[in-house]
Undergrad: 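The structure's right below; bear with me while I get my questions together.
Only this structure's heavy atoms are used, side chains among them; waters, hydrogens and symmetry mates stay out.
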Amino acid sequence: MAKQRLTELEGAVLTEVGHRGNDTSFKVRRAFERSPSSSWSGSAGAVYPAIARLVAAGLIATVPGETRRGTRLLSLTAEGRAALEAWFTDPLAACSIGADPFRLRAGLWETLPGARRREVIAAMIAAVRAEMAKLEGRDDLDPVERIGNDLARMQQEMRLAWLERAGG
């Protein structure tokens with residue numbers, strides 16, 4: 001897998017283990033669950049299989065934990081650290097337009113009849129403002145999360161500017 005491009009989920013899992021020190025599958029899943037991004041749902045059905053793939057590929061090593069519950073402690077292997085670096089330094093993947101739920105829907109809002117369009121745009125403006133408020137209130141962030149939060153806030157500001165123009 002180190003030679004293959006990691007998925008966004010796999011890269012994010014390696015980040016949680018290698019950067020944030022989340023050393024159990026449960027802690028990794030909880031980190032996704034607590035993320036303000038709806039893209040990272042933290043579902044066990046996505047996170048645990050991703051961890052299993054990364055273990056099978058030799059990118060994450062496991063050792064038994066000190067508890068009796070069968071907890072396995074996770075750490076990045078040398079190959080995992082190299083795969084993580086390749087993932088976060090890949091300019092094509094990092095700068096790709098990628099999936100953007102706003103962008104995928106915005107063009108369709110233009111097709112709505114006048115009153116319904118204005119109603120939807122108003123609801124979107126309220127939702128963007130609510131997301132911006134959540135992002136503004138985050139003071140518990142490490143340096144990596146702070147940059148991501150700043151970028152997400154700027155993205156919401158651009159969305160708001162577009163919505164205000166579209167709704168006017």
Side-chain angles (χ1 to χ4, degrees), residues 1-105 124 126-159:
M1 180 176 292
K3 300 296 181 210
Q4 289 183 341
R5 185 174 267 165
L6 296 171
T7 67
E8 290 300 294
L9 176 61
E10 291 164 345
V13 166
L14 292 179
T15 299
E16 287 302 324
V17 175
H19 168 70
R20 295 204 173 91
N22 287 312
D23 62 355
T24 67
S25 296
F26 177 77
K27 287 179 182 178
V28 170
R29 186 184 64 79
R30 290 287 294 176
F32 283 98
E33 196 173 76
R34 291 180 176 148
S35 170
S37 171
S38 61
S39 298
W40 306 119
S41 68
S43 84
V47 174
Y48 293 145
I51 293 170
R53 284 192 307 274
L54 294 166
V55 169
L59 303 181
I60 292 179
T62 65
V63 296
E66 306 245 338
T67 68
R68 293 183 184 203
R69 297 183 313 193
T71 298
R72 310 273 308 161
L73 298 178
L74 309 175
S75 63
L76 295 189
T77 62
E79 189 175 34
R81 284 189 296 280
L84 175 58
E85 183 171 335
W87 175 78
F88 75 75
T89 61
D90 179 345
L92 295 177
C95 298
S96 167
I97 292 172
D100 178 352
F102 186 93
R103 184 175 51 85
L104 291 172
R105 291 166 175 81
M124 296 300 160
V128 166
R129 286 185 175 146
E131 288 298 315
M132 289 173 73
K134 282 193 249 179
L135 294 167
E136 291 292 332
R138 306 274 328 259
D139 59 354
D140 59 335
L141 306 175
D142 69 26
V144 171
E145 291 172 309
R146 190 173 310 113
I147 290 169
N149 194 74
D150 289 347
L151 291 169
R153 194 184 75 256
M154 290 188 304
Q155 181 181 42
Q156 294 294 28
E157 289 168 357
M158 289 187 306
R159 288 175 173 175

Undergrad: To the nearest 0.5 Å, how far apart are OG in S25 and CG in L73?
TA: 10.0 Å
Undergrad: Could you tell me which non-hydrogen atom of E79 sits nearest to which non-hydrogen atom of A57, and how far apart they are?
TA: OE1-O, 3.5 Å
Undergrad: Minimum heavy-atom separation for L54 to E10, with atom names?
TA: CD1-O, 3.8 Å
Undergrad: Roughly how far apart are L9 CG and I51 CD1, rounded to 0.5 Å?
TA: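 Reported to 0.5 Å precision, the distance equals 8.5 Å.
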Undergrad: Mind checking side chain to side chain donor-acceptor pair (under 3.5 Å) for T77 and listing every partner two or more places apart, or none if nothing turns up?
TA: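 Residues passing side chain to side chain donor-acceptor pair (under 3.5 Å) with T77: none at all.
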Undergrad: Can you tell me how far the OG1 atom of T62 sits from the CG atom of D23, to the nearest 0.5 Å?
TA: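 The CG atom of D23 is 12.0 Å from OG1 of T62, to the nearest 0.5 Å.
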Undergrad: Kindly write out the residues that satisfy side chain to side chain donor-acceptor pair (under 3.5 Å) with E136, not counting sequence neighbours, or none if the list is empty.
TA: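 Side chain to side chain donor-acceptor pair (under 3.5 Å) check on E136 returns R153.
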Undergrad: Among all residues two or more places apart in sequence or in another chain, which pass the side chain to side chain donor-acceptor pair (under 3.5 Å) test with S75?
TA: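 For S75, no residue satisfies side chain to side chain donor-acceptor pair (under 3.5 Å) once neighbours in sequence are set aside.
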Undergrad: L74 and T24: which non-hydrogen atoms are nearest, and at how many Å?
TA: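 Of all heavy-atom pairs spanning L74 and T24, the closest is CD1-C, 3.6 Å.
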Undergrad: Suppose the criterion is salt bridge (charged side-chain N to carboxylate O under 4.0 Å, His left out): which pairs have a residue in residues 84-97, not counting sequence neighbours?
TA: R5-D90
Undergrad: Which pair of heavy atoms, one from T7 and one from W87, lies closest together, and at what distance?
TA: O-NE1, 3.7 Å
Undergrad: Test of understanding: with side chain to side chain contact (heavy atoms under 4.5 Å, CB included), list the residues that count as partners of M132, not counting sequence neighbours.
TA: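 Checked M132 against side chain to side chain contact (heavy atoms under 4.5 Å, CB included); matches are V128, Q156, E157, L160.
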Undergrad: Taking the side chain as every heavy atom from C-beta outward, state whether R72 and P64 have any atom pair closer than 4.5 Å.
TA: yes
Undergrad: Are any non-hydrogen side-chain atoms of L6 and L84 less than 4.5 angstrom apart?
TA: no
Undergrad: Among all residues two or more places apart in sequence or in another chain, which pass the side chain to side chain contact (heavy atoms under 4.5 Å, CB included) test with L141?
TA: R138, E145, R146, N149
Undergrad: With a 4.5 Å limit on heavy-atom distance, are the side chains of T71 and E66 in contact?
TA: no
Undergrad: Would you give me the side-chain donor-acceptor pairs under 3.5 Å for residues 11-18, sequence neighbours excluded?
TA:
unit_1 : atom_1 : unit_2 : atom_2 : d
T15    : OG1    : G11    : O      : 2.9
E16    : OE1    : N22    : ND2    : 2.5
E16    : OE2    : R20    : NH1    : 2.7

Undergrad: Enter the distance from R34:CZ to K27:NZ here, rounded to the nearest 0.5 Å.
TA: 10.5 Å
Undergrad: Compare every heavy atom of Y48 with every heavy atom of F26, then report the nearest pair and how far apart it is.
TA: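 Closest heavy-atom pair between F26 and Y48: CA-OH, 3.8 Å.
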